[in-house]
Amino acid sequence: MRWTIAALVLALSGCGTMPKAFERGHLARPDMAWDPDVMEAGQRDHTYVSKEAASGGASVGGGGCGCN
Amino acid sequence: MRLIPLCVLAFLLASAPALARVQSGETAPAFEGAVLKDSGTLRLADFRGKVVYLDFWASWCGPCRVSLPLLDKLRREYGASGFEVIAVNVDENPQDALDFLKKYPVTYPIVRDPQQSIARLYDVPAMPTSYLIGRDGTVVSVKHGFQKKDIPKLQAKVAELVKGE
């Protein structure tokens, strides 16, 4: 039991380590971006926000006039 | 209860590489690596006696688009007085680096480090990171990131190091 916990701790200590700055080549690829096209995402967000009568993060109450 | 020291040890071991980060005042760790453009080998030790700007970069690193051409210019200015730029490219696919260099060509030597072993040796904390190394092989300063406005300060430092033998 004791050694199982020790082994687990040893194994888990390798988890949760951030990739080093120089290891982020794959993360920097455009297809890894949250929004592939920032401009389009902004426009969609604007439309969504006005149609949903909510503003800012699509979760806060707002006008719904499409002007915010 | 003997378990607690063991757990502490495990976490210390996991964080041990962070202790190896190269800082100013230390001797720059020796390395050798294959040159990106041909089959030659470059050894840092061969540049002892010169002021060296060791630059870690990658094709996917935004600020490197600014730094590479400016470093090349700096090298042209101070090359004759014993200044050299050595770049270490950490791209996993060296072809990415070669494509980048077609757009931003430089004349200084570039070492390829696709396994990122040199970057690990220095424990490079940011991209780009550069080490200004004096003639005696000691790291004079470490620089994280790069902006165009950093050049005058860097230029002054290089000029001073090149002069003071």
Side-chain angles (χ1 to χ4, degrees), chain A, chain B residues 1-18 20-22 55-65 87-97 99-100 111-130 142-146:
Chain A
M1 178 62 193
R2 179 178 299 172
W3 291 107
T4 313
I5 295 173
L8 204 66
V9 166
L10 198 65
L12 285 177
S13 63
C15 298
T17 49
M18 298 271 285
K20 298 265 183 194
F22 51 83
E23 292 172 334
R24 295 185 186 174
H26 292 297
L27 292 173
R29 284 165 49 140
D31 44 354
M32 288 294 279
W34 188 258
D35 287 319
D37 186 337
V38 179
M39 186 81 89
E40 193 195 301
Q43 285 167 347
R44 279 188 181 196
D45 195 44
H46 180 82
T47 310
Y48 177 78
V49 153
S50 50
K51 299 297 174 201
E52 291 292 316
S55 132
S59 61
V60 181
C65 60
C67 53
N68 43 23
Chain B
M1 279 302 106
R2 269 186 299 161
L3 204 60
I4 293 170
L6 200 67
C7 293
V8 170
L9 187 71
F11 278 105
L12 279 179
L13 280 176
S15 56
R21 184 160 293 172
V22 174
D55 186 41
F56 287 86
W57 70 281
S59 65
W60 46 264
C61 146
C64 301
R65 265 165 244 174
V88 178
N89 173 265
V90 299
D91 274 295
E92 283 176 50
N93 180 7
Q95 190 56 46
D96 292 342
D99 291 344
F100 182 96
V111 176
R112 63 168 94 188
D113 187 20
Q115 270 86 47
Q116 301 166 337
S117 52
I118 305 171
R120 238 172 281 278
L121 175 71
Y122 277 72
D123 194 20
V124 170
M127 286 300 290
T129 296
S130 57
V142 183
K143 181 166 160 45
H144 306 149
F146 195 93

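Labels below follow one simple rule: chain letters A, B, ... track the order of the sequence lines, proteins then strands, and each chain is numbered from 1.
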Q) Which atom pair, heavy atoms only, marks the closest approach of A/Phe22 to B/Trp60? A) O-CZ2, 3.7 Å

Q.
Which residue in the set B/Val124, B/Asp123, B/Val90 passes side chain to side chain contact (heavy atoms under 4.5 Å, CB included) when paired with A/Lys20?
A. B/Asp123

**Q.** Contacting region of B/Gln116 [heavy-atom separation from chain A under 4.5 Å]
**A.** both

Q) Non-hydrogen atoms of chain B under 4.5 Å away: do they reach the side chain of A/Ala21, the backbone, both or neither? A) both

Q: Examine whether an atom of B/Ala58 lies under 4.5 Å from a heavy atom of chain A, and if so say whether it belongs to the side chain, the backbone or both; otherwise answer neither.
A: neither

Q. Could you give the distance from CZ (B/Arg120) to CD (A/Glu23), rounded to the nearest 0.5 Å?
A. 4.5 Å

Q | chain B contacts, top residue of A/His26, A/Arg24, A/Arg29 (heavy-atom pairs, under 4.5 Å) | A | A/Arg24

